[in-house]
Each structure stands twice: as structure tokens, then as C-alpha cells.
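Chain letters run A, B, ... following the sequence lines, proteins first and then strands; every chain starts at 1. This is a predicted model, so every value here is computed, not measured.
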2 protein chains.
Amino acid sequence: MPRVKKSEATRKRLLARALVLFQKKGVEQTTMRDIAKAAGLSLGAAYYYFPSKDALVFSFYEDNQRDMEELAASATGTLRERLGVLFHGKLESIRPHRKMLAAIVQRLVDPGDPLSAFSQQSRQVRERAIAVIAATLDIADDLRPLAAHALWLLMLALMLVYINDDSPGEKRTHGLVDDALDMAVPMLPLLATPMGHALVERVTSALARADITLT
Amino acid sequence: MPRVKKSEATRKRLLARALVLFQKKGVEQTTMRDIAKAAGLSLGAAYYYFPSKDALVFSFYEDNQRDMEELAASATGTLRERLGVLFHGKLESIRPHRKMLAAIVQRLVDPGDPLSAFSQQSRQVRERAIAVIAATLDIADDLRPLAAHALWLLMLALMLVYINDDSPGEKRTHGLVDDALDMAVPMLPLLATPMGHALVERVTSALARADITLT
DNA sequence: GCTAGTTTTTGAACGTGTTCAATTACCGCG
DNA sequence: CGCGGTAATTGAACACGTTCAAAAACTAGC
């Protein structure tokens, strides 16, 4: 087996074992030593493949984001229906790994140092998540960035609620998804009114003055 | 010196030394060993007074929250002016300790385990911060919880922006404070219209169905 | 002043994330 | 097939947050 393939297989095995342990014991209670052992590697080898424990957690989320992109691409129906598919699907996809969400959300909102590779990676995944939402929105181009960012923040908030949702089938959070989308989606056409445009322009320029650009 | 006074003085000295070091080196680069040494104590003694490094960080924020309560009590003028005093004052008060903000914000949004003392402490501080904003708002009782929570989320977002603001006098973030309040405050009276009341009722009941109560 | 009880202090030790020099294994080329 | 170069692997060691048993210090009551 050529090296590239073997190393890729090893990396995948490591991640897979980590996910099983994170699911079983939680991220904090799972040690890198546990993970290396479960993958049949030494501790140092685990660090050869992933620079940190946090990188393992985040790698899962990057993969999950890819799944969301496919899900969004295949969703059909009204905007409300497509957003519903996306939001509910996101929660379902993450369900077995809810214990990792706290760590993930914290990473996503971490202001970090803008120059660090660490932060740039987070930003990249964040931007891709926002791009998926933006691609789902069929509204005017100038309105889309702000609306997509707002919906992404809603998604984050919902994930935070999901973490501690112990209702059967997490129906509380899923119900909140529906309620929130039922409120948010009818507001989107209001953004296309002159007043809506003015509001968006005002928010966007305030952010721009603070050097914050929504792409 | 009676014990209570001496131990209180020791605790204060420890916190003061920690804050100096956090300011100089950042929270992560500052070790508990550094802090203990700077306070003239052993490492174990430092842990006698504060249960964790994080607790030191958070203790500062609790004290800062108390200062905000006094500031809010003394603010006068229009609602916009009072909120401005509160928001700008918050940023100014935290300015020398911006390096600590990332850790603080993460703690404030951490979903944690609802049963843990750790989470309950965070929630308490969060609720006090929200209560200060609520006390500043002169609007109908049924509208106040939601508006206060929204403004508190705005404050959090502004703190995240503040962390990486390298403009002179952090004028970018302060400018954003003014822009944001200039947009938000005129919306508050709109909440008192029948349509506003209906919206607030709808949001509040959606949250209630998800077991989230805004107090 | 002595004693018992409590608080404060200490420093060795532990567990965990991480690092890194050395070794082993692998691959491609001549 | 042998060799050089590179990738993968190892395990000891380090730093840091945290813990805890033992010792020291202090206070109040007799």
C-alpha cells in the first residue's frame, strides 16, 4: 500500500476511534492516550496526524459541514421547506455527537487572533456554513449576506439549546427550529421593501465602519 | 489581624496579581505558578483561595459587573443616553483587561451542565447583567425581558469585536456601539404597538415551549 | 499559658495535553 | 538488491492545571 493511502487510512481510523470515545465519554473525559490506544497507536503518533485534541473535534465538524452542503444541494420545495431540511438535518446529523457541540460552538465564536492559522481555519468553516445558508436563500444579492449571517447565528443558538435538550427525540429543539423559521422566513420578503433595504444598508454600513465585512 | 480580614486581604492580593499578569501576558500564557509566586504564596495556597484559574478570570468579571450596576444606577438622561453610558462604560472598564474577554465570553455562553455549580455561577452573573439592562429600559413589563436579553446579546457581540480592535482608542467598537444603539433604541417603542406586542408574545411563547424562560 | 479546633500554607505528586529526538519502516531510483 | 531520503512511529519527558496529606499558624476558651 502506498504511503498516501496508508497514512490516510490511519488518520481516518484515529478520527473514527476518537469520535466513538467522545460520544461515549464526552470530549473532556476522553484523553489523547485513550484515543491513541483505541487506534492502536502511540501517543506521539496521534499527534503526528492531528495537531491537537481540539483539531480532532473540529475535523469532525468540517466533515459534517461537507454533509450539510450535500444536503442543501439536494433539498427541494419552498424556501421554508429547504431551510427546514437544512436546520433539522444539521441537528440530526450531529445528534450522536452532541457532547462535542459545546467545544465546537466555542471554537466557532472564538475571536482568537485573526492572524493565526487556528482562527483562519475556524473562519473558513464558519464562512462555508454561512455560504450554504446563503445559497439556500432566494433573495436579492444585497440582502443575502446579512440574512445568511443572521440565520447562521440562529443555528448556533439552536445548537446551544440542543446540547441540554433531554426531551424525547429532542423535540423541544426541533419545535423551536420550526417556530423560529416560521417567524424568520416571512420576514425575508420584508427586507426587499424600500424600508427593508434601508435597514440592511444601515446595518451593513455600520459594520463596515467597524471593519466588519459580511461576504 | 483577625482571620477573616487577613484571608480576605490575601485573596484580594492574589486576584490583583493575577490581573496584572493576565493583562501583561494574556490568560493562557500566565500560569498558576506565576500568579502564586507574584502573590508570595505557594501554588497550593493559590488554589485554597480560588478553585481554578478560570475562577480568577471570572472573579474579575463579577467585580466588573458590580461596577456596572453602580454605573447604571447613576446614569441620567434619555434612554439612549443611559444605554450609551452603560455600553461605553462597560467597554472602558474592561479595556485594560481585554485579553481576558475571550475567556469570559466563552464562559458566559457555555451551555455547560445546568446542574453544575460552575454553570449556575455563570448564569447568575449573566442574569445580573441582563437585569441591569432591564432596569435601564423604561418600557412595558411584558416587553422588557426579551428586549433586555437582545441588548445583552448585542453587548456580547460588541465585546467580541472589541477584543481584536486595534484602532486608536478602540474607536471602531465605540462607533459600532453608537450605531447599534441608534438603530436599536428607536425600535423599542415599536414593540409597544399591537404588532410589536404580538411579535414579542410569539417569540416568548416559542421559547417557553422549548422550556426557555426569560426572567 | 495551654489546648483544641480550625484555617492557612506547603510542596510533592498526579493526570493530561503536548513535544521531540531517535528509531523504524517504507518507497523510489539506479 | 542496496541505498538514500522521507514518512511514520515510539516513548520519555516536559509544562501546566489541579489535588491533597501533612505541617504550620492562628484563635478562642478555660
J.: Between atom CG in B/Asp54 and atom P in D/dG17, what is the gap in whole Å?
T.: 12 Å

J.: Donor-acceptor pair, B/Arg82 side chain versus B/Thr136 backbone, under 3.5 Å?
T.: yes

J.: What is the distance, to the nearest angstrom, from the OH atom on B/Tyr49 to the P atom on D/dC20?
T.: 19 Å

J.: Quick one: label A/Leu41 by what it contacts on the DNA or RNA (base, sugar-phosphate, nothing), any heavy atom closer than 4.0 Å.
T.: sugar-phosphate

J.: Rounded off to whole Å, could you give me the CE-to-C1' distance for the B/Met32 and D/dG17 pair?
T.: 8 Å

J.: Kindly point out which of D/dT10, D/dT18, C/dT16 is positioned nearest to the side chain of A/Thr31?
T.: C/dT16

J.: Expressed in angstrom and rounded to an integer, what is the separation of A/Leu21 atom CG from C/dT16 atom C1'?
T.: 15 Å

J.: Output the rounded distance in Å from CG (A/Leu43) to P (C/dC20).
T.: 14 Å

J.: Any side-chain N or O of B/Lys6 less than 4.0 Å from the OP1 or OP2 oxygen of C/dT9?
T.: yes

J.: So, for B/Phe60 and B/His97, is the gap between ring centers shorter than 6.0 Å?
T.: yes

J.: Could you walk me through whether A/Asp178 and A/Arg80 pass salt bridge (Lys or Arg N to Asp or Glu O under 4.0 Å), step by step?
T.: CA-CA 9 Å; A/Asp178 284 324; A/Arg80 171 63 183 78; 2.9 Å; yes

J.: Tell me whether the OP1 or OP2 atom of D/dT27 has a side-chain N or O from B/Lys5 closer than 4.0 Å.
T.: no

J.: Rounded to whole Å, how long is the line connecting atom CD of A/Gln29 with atom C1' of C/dT16?
T.: 12 Å

J.: Indicate, yes or no, whether a donor-acceptor pair under 3.5 Å links the base of C/dG17 to the side chain of A/Arg33.
T.: yes

J.: If we ignore hydrogens and angles and just use 3.5 Å, is the side chain of A/Lys53 paired with the main-chain N or O of A/Thr30 as donor and acceptor?
T.: yes

J.: Give the C-alpha distance, both sets of side-chain angles, the deciding distance and a yes or no for salt bridge (Lys or Arg N to Asp or Glu O under 4.0 Å) between A/Arg144 and A/Asp141.
T.: CA-CA 5 Å; A/Arg144 198 180 286 128; A/Asp141 282 355; 3.0 Å; yes

J.: Taking the minimum atom-to-atom distance to the side chain of A/Ser52, which one of C/dT9, C/dT18, D/dT9 wins?
T.: C/dT18

J.: Does the side chain of A/Arg172 reach to within under 4.5 Å of the side chain of A/Asp166, using non-hydrogen atoms?
T.: yes

J.: Between atom OH in B/Tyr47 and atom P in C/dA13, what is the gap in whole Å?
T.: 18 Å

J.: Could you pick out which residue, B/Ser42 or A/Gly44, lies toward the 5' side of DNA chain C when each is mapped onto its nearest nucleotide?
T.: B/Ser42

J.: Starting from the C-alpha separation in whole Å, work towards a yes-or-no answer on salt bridge (Lys or Arg N to Asp or Glu O under 4.0 Å) for B/Lys171 and B/Asp165.
T.: CA-CA 8 Å; B/Lys171 67 195 223 190; B/Asp165 187 352; over 6 Å; no

J.: Please produce a list of atom pairs where a protein N or O lies less than 3.5 Å from an N or O of nucleotides 4-6 of chain D.
T.:
residue: D/dT6; atom: O2; partner: A/Arg3; partner atom: NH1; Å: 3.3
residue: D/dT6; atom: O2; partner: A/Arg3; partner atom: NH2; Å: 2.9

J.: Please state how far atom CD in A/Glu28 lies from atom C1' in D/dT18, giving the value in whole angstrom units.
T.: 13 Å

